[in-house]
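Have a look at the structure below before the remarks.
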Amino acid sequence: MADKNAINSSKAQVDFLCVEPGCTGVVKFNLLECAADDFQVLCPECHRPYEFEPELKEKLKKLMNLIFSLREAESILGDCNVAVCVPGGEVKLPYAMLLTRLNTLITLQLGDRKVDFHLWIEPTSAETFR
């Protein structure tokens with residue numbers, strides 16, 4: 001299993017747009033902190049508090065486990081590709097490039113709305129994904 005301290009030393013920030021009508025705030029939090037029983041995050045603009053239901057926390061925990069699995073597999077990511085079929089053959093895209101060039105998000109139910117949670121991960125070292 002990947003060292004949780006390695007991801008603690010990097011950033012696993014999640015953000016989403018505040019669901020309060022008329023608010024344009026971006027609510028940000030550390031993915032590792034949301035598992036705490038007393039976790040709460042505030043919108044920086046309207047100050048609406050967000051407490052996540054157990055089902056939402058469980059899904060975010062699974063996302064965190066996915067990140068740990070990717071960190072554990074980091075040494076082989078340069079050897080892994082995703083092949084896209086195109087006319088005339090296939091194009092191989094390095095898996096590591098997909099992780100660093102595409103936005104990662106998870107769409108989850110927050111109250112009565114579906115909300116896109118964007119995930120931002122800082123690599124563990126300057127050489128990661130190069």
Side-chain angles (χ1 to χ4, degrees):
M1 183 70 162
D3 181 7
K4 292 184 181 184
N5 289 329
I7 199 166
N8 277 331
S9 66
S10 65
K11 294 178 183 174
Q13 180 175 296
V14 177
D15 67 39
F16 62 94
L17 294 176
C18 181
V19 299
E20 193 66 33
C23 183
T24 59
V26 177
V27 182
K28 299 178 183 182
F29 62 93
N30 185 325
L31 185 59
L32 297 171
E33 295 170 356
C34 75
D37 290 336
D38 61 347
F39 176 76
Q40 184 182 56
V41 66
L42 297 174
C43 174
E45 288 195 26
C46 72
H47 306 290
R48 175 188 172 158
Y50 287 90
E51 291 182 22
F52 300 147
E53 297 171 356
E55 184 179 338
L56 179 60
K57 282 185 171 186
E58 183 62 28
K59 289 179 180 181
L60 291 172
K61 180 182 175 187
K62 289 180 182 195
L63 180 61
M64 183 173 58
N65 288 337
L66 175 62
I67 294 166
F68 290 147
S69 296
L70 286 171
R71 289 290 165 96
E72 186 176 345
E74 195 168 17
S75 64
I76 66 161
L77 289 181
D79 300 322
C80 296
N81 298 288
V82 174
V84 178
C85 293
V86 295
E90 69 180 21
V91 175
K92 290 183 181 178
L93 301 172
Y95 198 81
M97 185 176 83
L98 293 175
L99 294 174
T100 58
R101 301 290 192 266
L102 300 177
N103 294 329
T104 301
L105 61 96
I106 183 170
T107 304
L108 300 172
Q109 196 74 28
L110 182 61
D112 61 349
R113 295 182 139 151
K114 287 204 176 262
V115 175
D116 289 336
F117 288 78
H118 296 87
L119 177 64
W120 309 97
I121 301 175
E122 176 184 296
T124 55
S125 73
E127 299 305 312
T128 303
F129 305 137
R130 291 179 192 259

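Because only heavy atoms are used, hydrogens play no part in the values below, and waters and symmetry mates are left out as well, while side chains stay in.
- Residues V26 and L17 are in side-chain contact: their nearest non-hydrogen atoms beyond the backbone lie under 4.5 Å apart.
- Shown here for V19 and Y50, the closest heavy-atom pair between the two residues is N-OH, 2.9 Å.
- In this structure, Q40 places its CD atom where more than 12 heavy-atom neighbours from other residues, nucleotides or ligands lie under 6.0 Å away.
- Annotation: side chain of V84 is in contact with side chain of L93 (closest heavy-atom distance under 4.5 Å).
- Taking every heavy atom of both residues into account, K28 and V41 meet most closely at O-CG2, 3.3 Å.
- Atoms OG1 and NE2, from T104 and H118 in turn, are 10.0 Å apart once rounded to the nearest 0.5 Å.
- In plain terms, the two heavy atoms of Y95 and L77 that are nearest each other are CD2-CD2, 3.6 Å.
- Rounding to the nearest 0.5 Å gives a distance of 11.0 Å between CG of L32 and CG of L60.
- Nearest heavy-atom pair across L56 and Q109 is CD1-O, 4.0 Å.
- When side chains are defined from C-beta on, L63 does not count as touching F117, because their heavy atoms never get closer than 4.5 Å.
- Separation of atoms SG (C23) and CD (E45) is listed at 5.0 Å; rounding is to 0.5 Å.
- Here the CH2-CG distance, from W120 to L105, works out to 9.0 Å after rounding to the nearest 0.5 Å.
- In this structure, CD on Q13 lies 10.0 Å from CD on E33, to the nearest 0.5 angstrom.
- Closest of all the heavy-atom pairs between C34 and K57 is O-CE, 3.3 Å.
- When all heavy atoms of E51 and F39 are compared, the pair lying nearest together is CG-O, 4.0 Å.
- Below 30°, between 30° and 60°, or above 60°: for F29 and F16 the angle between ring planes is above 60°, a perpendicular geometry.
- Between atom CE of residue M64 and atom CG of residue L119 there is a gap of 11.5 Å, rounded to the nearest 0.5 Å.
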